[in-house]
Amino acid sequence: MADTVKYPIGEQDFKSLIEMGCLYVDKTQYIEKIISSGHKYYFLARPRRFGKSLFLSSLQYFFKGRRELFKGLYIDSTDWDWKPYPVLRLDLNTEKYEVPGLLDSLLDNTFKKWEKEYGIQETAETLSTRFQNIIATAHEKTGRQVVILVDEYDKPLVGNLNVDETFEHYQAKLASVYSNFKSSAEHIRLVFLTGVSRFSKLSIFSDLNNIRDITFVNEFSDICGITEKELLDNFKEGIRAFAEENEISYEETYGLLKKNYDGYRFAKTGSDIYNPWSVLNAMQDRSISNYWGRSGKATIIAEALKNVDADLEGILTSIVSMYTLEGLDLKSANPVALLYQTGYITIKDYDFESDYVTLGVPNLEVRQSLFDDLLPYYVKTRRSTADLVVQNIIMDLRTGKPEKFVKDLDIFLAGIPYEMKMDDENNLHNALFILLTLLGVAVETEVHTSDGRIDLVVKTPKFIYIIELKFDKSAEEAMTQIEQKQYSLPYANDPRRLFKLGLNFSSTTRHLDTPRICTTMKDNYTQK
C-alpha cells in the first residue's frame, strides 16, 4: 500500500507546510481561544520538538491576514475580519549562545530588518530602546497594534544554566528587551512567548502581572502534540502503510505507536499526547525508532543529578504538588523540575483533594532516551563497552548463571567514575537502576514483603533472582537479611528456579566483594 501523505519533518513554517501540501493537524481552534479571551500576554512551556514553533508560525500568518493558507481549517469558519496586523516574530532558537555576544548579534540583525521594514532611519543606542521604537513605529505606520511572537524565549538561559557569568549576562539582556512588553502596552495587541521553562526571576513574569500562563491549563492542554483522536483521524493511511510494510496488523502498529510515543500529559485532566516529532518520523520511515532521543541530549539533567543527592528511580515516579510544577525555575537544583520541563517525566495522575500529581516517564522512547543520555555520566566506559556488558548481563540472567552475572555486574559498577559522590549510595543505586532499565527483562525494585523490602527482583522465563545490595557492609549481612526476612517466601509456589544473591559494594575498592549466592530449586538449595 502506497502512503501518499507528505509528512512535514522538521518544517516549522506554516506557510511552507500548507503550500507543499503536507499533513497538518488542525490546531487553529486555539487561535480563536486566544483572540477571544481578552488577554494580551500569553506564555506556553512545552518540551523540545513538540510543535511550539509551528503554532507560533500559524499565529504569525493568521495575524498577517493570510486567509488563503487557512482554507478548510477551523479558524476559516470564524467571523475574523482577516485584516493584517504588524507582526514581530523573534526566534531565539537559532543559536547555541555559548558566548555572551551571540544574543546581541541576533537581536541587532533582527531589529535592523524591522527598522528597514518600518522605515526607521535613526536607531537608538541600546537594544531595548530600539525595540521600543520599533513597536511604537509599527503601530503608528499601520494603524494597528503590534503582535509580538517570541519563540524559545529562554533558549539563551537554558543553554547556560551551569555557566553563571554567561547566564547572568543573558538574563539581564533579555530582561531589558522584554521590559518593553509592559512599557509599550498601548501599542501591543498580543504577546505570545514559548519556551521550556518559566524563569521566575526573569522580570517579565513579575512585571506582567496579567500574563496568562497556559502551560498547565486544561483548556490548552492539547495545543501542541497529537491527541489519540488526532492520530486516528489524520494518520490512518500512514498506519496502514506502516503495517503492510512491516507485515503486522493495523492494531499492532497502533499499539507500537502508543507504547513508544504516547503518554505525555500537560494538565490536571488533559488528554494523553503523542510526541509529534516521533510520530511524523515513524510514519515517514515506517519504523519505530528513538527519534526524539536523537534530536537532543539530557546534558543539563545529568549534571544536576550528579550534584544533588537524587534518587533517580524515586524521581521518575514522584508525587508532588501542582504548585511545585507551576512554580518551576530551571535555575533551581530541583531534578523533578528539570525532568518535567524537559519532557523526561510527565503527569500521569492527579488527585483533586490534595492537588497532588503523580509523575512518570511518558513512554518507551523517553525511557530509552533518558538512560542512553545518563549512562555515560554514571559509567565511564565507551558506549560500545557498556552495551557489551549489558548484553552479557542479559544472557547471564536468562541462562541462569548467577556467578557470571555478579562478575559482569562488577565490571559495570566498577565503571562508576571517581568524581561521583560515592559516600552517598544514591549514585550506586542510580547506576544500577539505569543498567536494569536497559536490560529488557522483568525487573522490580523495592519489592514490599510482609517483613521488609527486597532491593531487587529480576524475573526471566526460567529463573527468579532475589538480590539484596549493601554498601560498605558485607555480602554475609545481605544474605542474612534475605534469609531472616524470608524474601523468597512469596515465590515458593513459582516453578522457576530461584537464586538468592547477597552483594556488597565497597567504596574503597570500588568493586563487589565476594558474593553470597544461594540456589533454590523447589525444596532444595545449595549455598556458595
Side-chain angles (χ1 to χ4, degrees), residues 1-11 17 20-27 47-51 222 224-265 270-296 316 343-346 348 360-373 383 387 390-391 393-395 397-399 436-444 458-463:
M1 174 181 178
D3 183 0
T4 59
V5 177
K6 292 182 180 179
Y7 297 106
I9 308 297
E11 183 55 67
L17 183 152
M20 289 189 300
C22 293
L23 182 147
Y24 173 69
V25 176
D26 190 356
K27 298 288 186 178
R48 57 183 167 83
R49 296 295 187 182
F50 251 85
D222 306 343
C224 294
I226 299 170
T227 67
E228 189 90 10
K229 185 178 186 304
E230 288 167 342
L231 179 81
L232 297 176
D233 287 349
N234 292 273
F235 292 88
K236 284 182 179 177
E237 185 176 331
I239 295 174
R240 289 192 183 101
F242 186 114
E244 183 174 299
E245 181 165 315
N246 289 278
E247 299 181 344
I248 58 177
S249 69
Y250 181 96
E251 290 73 21
E252 287 174 309
T253 302
Y254 162 72
L256 285 172
L257 293 171
K258 187 173 185 64
K259 183 167 62 174
N260 283 275
Y261 308 130
D262 191 19
Y264 295 91
R265 182 168 152 189
S271 307
D272 272 6
I273 301 292
Y274 287 77
N275 186 316
W277 172 255
S278 300
V279 169
L280 290 171
N281 277 279
M283 290 294 94
Q284 178 174 269
D285 296 349
R286 300 180 193 173
S287 175
I288 298 296
S289 187
N290 189 352
Y291 298 105
W292 188 71
R294 294 204 296 265
S295 70
L316 297 182
Y344 289 92
I345 55 178
T346 192
K348 287 298 183 180
V361 179
N363 50 50
L364 286 183
E365 178 185 50
V366 176
R367 185 171 290 277
Q368 186 66 51
S369 299
L370 182 62
F371 297 114
D372 281 354
D373 292 349
R383 181 57 208 249
D387 283 342
V390 169
Q391 291 303 315
I393 290 175
I394 292 173
M395 291 307 298
L397 293 170
R398 289 179 177 170
T399 56
L436 296 171
T437 302
L438 292 172
L439 289 180
V441 295
V443 177
E444 300 174 61
V458 180
K459 297 178 182 179
T460 71
K462 296 182 179 181
F463 308 99

TODO: Under the side-chain contact (heavy atoms from CB on, under 4.5 Å) rule, what do Tyr274 and Asn363 come out as? Steps first, then yes or no, please.
DONE: CA-CA 9 Å; Tyr274 287 77; Asn363 50 50; over 6 Å; no
- [ ] Check the pair Leu256 / Ile248 against side-chain contact (heavy atoms from CB on, under 4.5 Å), numbers first and verdict last.
- [x] CA-CA 11 Å; Leu256 285 172; Ile248 58 177; 3.8 Å; yes
TODO: Give, for atom CG of Leu280 and atom CD of Glu11, the distance between the pair rounded to the nearest 0.5 Å.
DONE: 11.5 Å
Open item on the list: With a 3.5 Å distance limit and no angle check, can you tell me whether Lys236 reaches the backbone of Leu231 through a side-chain donor-acceptor pair?
Closed with: no
Task: Exercise: identify the closest heavy-atom pair between Met283 and Gly238 - done: SD-C, 3.5 Å
Task: Heavy-atom check, side chain of Val458 versus side chain of Phe463, under 4.5 Å - done: no
Open item on the list: If you define the side chain from C-beta out and look only at heavy atoms, does anything of Arg48 sit under 4.5 Å from Ser295?
Closed with: yes
Task: Residue list, ring-ring contact (aromatic ring centres under 6.0 Å, His included) with Phe50, at least two apart or on another chain - done: Tyr264, Phe266
- [ ] Could you walk me through whether Tyr291 and Asn275 pass side chain to side chain donor-acceptor pair (under 3.5 Å), step by step?
- [x] CA-CA 10 Å; Tyr291 298 105; Asn275 186 316; over 6 Å; no
- [ ] Evaluate the criterion side-chain contact (heavy atoms from CB on, under 4.5 Å) for residue pair Tyr344 and Leu316; output intermediate values, then yes/no.
- [x] CA-CA 8 Å; Tyr344 289 92; Leu316 297 182; 5.9 Å; no
TODO: Establish, from distance only, whether the side-chain atoms of Ser271 and Asp222 form a donor-acceptor pair under 3.5 Å.
DONE: yes
- [ ] Could you tell me the separation between the CD atom of Glu230 and the CG atom of Asn234, rounded to the nearest 0.5 Å?
- [x] 7.0 Å
Open item on the list: For a quick test of reading the model, state the closest non-hydrogen atom pair linking Glu365 to Asn260 and the distance between them.
Closed with: CB-O, 3.1 Å
TODO: Looking only at non-hydrogen atoms, find the nearest pair between Gly51 and Pro276 and report the distance.
DONE: N-CG, 4.4 Å
Open item on the list: What's the separation between atom NZ in Lys259 and atom CD in Glu252, rounded to the nearest 0.5 Å?
Closed with: 10.0 Å
- [ ] Calculate, to the nearest 0.5 Å, the distance between atoms OG1 and CD1 belonging to Thr253 and Ile239 respectively.
- [x] 7.5 Å
Task: Closest approach of Pro8 to Cys22 (non-hydrogen atoms, all atoms of both residues) - done: CB-CB, 3.9 Å
Task: Closest non-hydrogen atom pair between Tyr261 and Ser289, with its separation - done: OH-O, 2.8 Å
Open item on the list: Would you say that Gln368 contacts Leu364 through its side chain, given a criterion of any heavy-atom pair below 4.5 Å between the two side chains?
Closed with: no
Task: ring-ring contact (aromatic ring centres under 6.0 Å, His included) involving Tyr7 - partner list, sequence neighbours excluded - done: none
TODO: Begin with the C-alpha distance, continue with both residues' side-chain angles, and end with the deciding distance and a verdict on side-chain contact (heavy atoms from CB on, under 4.5 Å) for Thr399 and Lys462.
DONE: CA-CA 8 Å; Thr399 56; Lys462 296 182 179 181; over 6 Å; no
TODO: Determine the minimum heavy-atom distance between Ile9 and Gln284, stating which atoms define it.
DONE: CG1-OE1, 3.4 Å
TODO: First locate atom CG of Leu257, then atom CZ of Phe235, and finally report the distance between them rounded to the nearest 0.5 Å.
DONE: 9.5 Å
Open item on the list: Given 3.5 Å as the limit, does a donor-acceptor pair link the side chain of Lys27 with the main chain of Gly225, or not?
Closed with: yes
Task: Thr227 side chain reached by Ile273 side chain, heavy atoms, under 4.5 Å - done: yes
